[in-house]
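Here is the structure we will look at, set down as structure tokens.
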2 protein chains.
Amino acid sequence: MDSPADFVESRRPAGSKRSGKRDFIVDTFLAQTGHLTADDLVALIRKADSRISRATIYRTLQWMVDAKIAQKVDFGEGRSRYERAYRHPRHFHLICEACHRSFEFLSSDIESMLDEVVESRGFEVHKATIQVHGTCERCRTGSSTRDDEGSTERLFARDALRVAIATEKSGLAFYTRAARIVRDARGKQVFLKLADEEKTHLATLQKRYDELLAEDPQLDSRPAFLFFKGAANGIFASGVEELAAGVDDRKALLIGIRCERGSHKFFKKYGDRFEDSEGKRIFLEFADEEKQHMDLLVAEFKALNARIVSARKRRPSQARSTQAR
Amino acid sequence: MDSPADFVESRRPAGSKRSGKRDFIVDTFLAQTGHLTADDLVALIRKADSRISRATIYRTLQWMVDAKIAQKVDFGEGRSRYERAYRHPRHFHLICEACHRSFEFLSSDIESMLDEVVESRGFEVHKATIQVHGTCERCRTGSSTRDDEGSTERLFARDALRVAIATEKSGLAFYTRAARIVRDARGKQVFLKLADEEKTHLATLQKRYDELLAEDPQLDSRPAFLFFKGAANGIFASGVEELAAGVDDRKALLIGIRCERGSHKFFKKYGDRFEDSEGKRIFLEFADEEKQHMDLLVAEFKALNARIVSARKRRPSQARSTQAR
DNA sequence: CTAGGTGCAAATAATTTGCAGAGGC
DNA sequence: GCCTCTGCAAATTATTTGCACCTAG
């Protein structure tokens, strides 16, 4: 249904003809995880017997880049490397100069700082590259750390879930607290309902996380791929703090709306920008979830306002009682 | 006293011999501002008549890289470029794919996020590269923006001064406010004194800034080189906020100490990491300034504590009066 | 005099291209 | 049959190197 083969098929440029050799090169390439040089690929092909000319390898690599199946990367070694673009989120590189392995990561914090720089210059970005050249932990300490050669796709899904779970948890804290603070009975119920939903959803996410771990027991201990520190985790945390400072019912709803909107925007923005993958789906589903919560809160906010107005009409002197401090 | 020639002299590798040709190549290279390819340099040499072989250019470029006079950069064009390392702070690149010009910037915010990523991986950094490939404003809109071909050194000095001035201003706001809030007479005096110092120093910095602008009237309108948003500007701002929340005398001093320490550490850290230059000096002098303020505040804090203790001995019942809310 | 430094031409190394034949549609 | 794909060998591009000669210390 959504195999590499289908993916390649879907991206085959118009007018291009089928060829067993090319298919074989593409398949061989997509079966690898790392960043291959043209020569690496030649070696792989030769090992699998097939006798394919170097020129064809080069031509096919270019063909894959044009079809967005592969991406050319340059680590400054005087030759190009290629990494798969299929189900592979965009990322930055840590490059070990000792063992020549490379590690991928993505930081939304860095990306947004970079956005600011770029914007201030009126620059239009086509591609941003970050490369950290140095020595990896294994080469430096000799300690045989765990095998880092996992697929980035899985790491990405893991970290997407982690971010979602962290957000969900702080959301739960927020609603639990808000439900305690709010005076208005209906408002309280809305917050309780949301707290409940967060709990349910949290369980769902946790289950998904556990399933992912089951596929690869070492996954949990692999180093982080996503660095989304500033963005996702802090959103509800600041809301909780604001609640603690003491707020009226309307304010509590407004804070909730702001948090959900921030959360939604964040997950939507990143979800949209990723390649199709489990991680992308997690981001977009979560964005949706947050959107629904936000809508619910907005509706409740409107209803509360309406009740305040009508109450004010009935008992003008005590109109503001529901939002007393 | 500190000319490029002296600089080159100081870095001449042991055992290397003088040579008119090499000197000429080095001088020609250092007279340029941009990112030259070996061929660019050959063209420049040829234009100035001298007949020097390509091989010598390559050998001399390598010699300059070894001597840390030049730095090799790779923009993925299939050939190397070289930029001067003399009085040139480390930086990242925006690269226009249309006009092939490149722009430099530095962001402490991005650098510290990168530090976190690197640390979490146990990685040892040798060199970090950030390249944003895209289209520059001029190529995109056709509008002939101001000439961007200024020396980065001057931009760096300008921005270092801007950061220092911004910090100084928020420091002034902090001390002015603190002087108003504090009860203890001696503490008040210290804060007033510091506010006064900030004012004087602010005037000095402003004068230096004006002098710099006088050297190049367009400098003020050139795009930013340093992006130090999070770091420098926010330090005292948070202190001012804390003051507003209401604090006792000791707390006010402690906040001041924290701000000055943060400020000192920041300017020291970056000042130390830069190449010798006006910008570096600004950073280090400012770091020193902040250190002195910090020491003053620490001394005052100790003195205040001592007075509180002795007061407590004399009038045990009212001992805590100087720090009443 | 001796270790560099320089020029020239040849060597490398990664990649591209021209051209003739093979093969998919 | 036409147009694309492939192989091979030659070309290209940036850079390096061997070797004979030159020059500073």
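Since we're looking at a predicted model, the values are computed, not measured. Note on naming: letters A, B, ... go to the chains in the order of the sequence lines (proteins, then strands), and numbering restarts at 1 for each one.
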Pair of N/O donor and acceptor under 3.5 Å linking D/dG7 base with A/Arg59 side chain: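 Flag set: donor-acceptor pair detected.
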Donor/acceptor link under 3.5 angstrom from B/Arg18 side chain onto base of C/dG5: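 It does not, because no donor-acceptor pair links the side chain of B/Arg18 to the base of C/dG5 below 3.5 Å.
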Backbone of [Y] reached by a side-chain donor or acceptor of [X] within 3.5 Å:
X: A/Arg158; Y: A/Leu219; value: yes
X: A/Arg12; Y: A/Arg18; value: no
X: B/Arg11; Y: B/Lys68; value: yes

Just N and O in the side chain of [X]: are any of them under 4.0 Å from OP1 or OP2 of [N]?
X: B/Tyr58; N: D/dT16; answer: no
X: A/Lys21; N: C/dG23; answer: no
X: A/Thr56; N: D/dG7; answer: yes
X: A/Ser19; N: D/dT6; answer: yes

Sugar-phosphate only, base, or nothing, as touched by A/Arg51 at under 4.0 Å among non-hydrogen atoms: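 Here A/Arg51 touches the backbone only, sparing every base.
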Pair A/Arg46 + A/Asp39, salt bridge at N-O below 4.0 Å: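 Here A/Arg46 does not pair with A/Asp39 in a salt bridge, since their nearest N and O are not under 4.0 Å apart.
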Interface with DNA chain C, restricted to residues 62-85 of chain A and to heavy atoms under 4.0 Å: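 The answer is A/Gly78, A/Arg79, A/Ser80.
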DNA chain C contacts made by residues 10-17 of chain B, counting heavy atoms under 4.0 Å: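 The stretch gives B/Gly15, B/Ser16, B/Lys17 as the residues lying under 4.0 Å from the strand, ordered by number.
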For atom [atom1] of [X] and atom [atom2] of [N], their distance in whole Å:
X: A/Ile57; N: C/dT16; atom1: CD1; atom2: P; result: 13 Å
X: A/Arg54; N: C/dT16; atom1: CZ; atom2: P; result: 13 Å
X: B/Asp39; N: D/dT15; atom1: CG; atom2: C1'; result: 11 Å
X: B/Leu61; N: D/dT15; atom1: CG; atom2: P; result: 9 Å
X: A/Ile25; N: D/dC5; atom1: CD1; atom2: P; result: 12 Å

Toward the 5' end of DNA chain D, by each residue's nearest nucleotide, B/Ala55 or A/Arg22: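 Closest to the 5' end, via its nearest nucleotide, is A/Arg22.
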Identified salt bridge (charged side-chain N to carboxylate O under 4.0 Å, His left out) counterpart of A/Arg87 within the set A/Glu275, A/Glu153, A/Glu278: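 Running salt bridge (charged side-chain N to carboxylate O under 4.0 Å, His left out) over A/Glu275, A/Glu153, A/Glu278 with A/Arg87 returns exactly one hit, A/Glu153.
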Verify the distance criterion only: is there a donor paired with an acceptor across the side chains of [X] and [Y] at less than 3.5 Å?
X: B/His88; Y: B/Gln71; answer: no
X: A/Asp115; Y: A/Ser112; answer: no
X: B/His93; Y: B/Gln131; answer: no

CZ-CD1 distance between A/Arg51 and A/Ile45, expressed to the nearest 0.5 angstrom: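 Between atom CZ of A/Arg51 and atom CD1 of A/Ile45 there are 11.0 Å.
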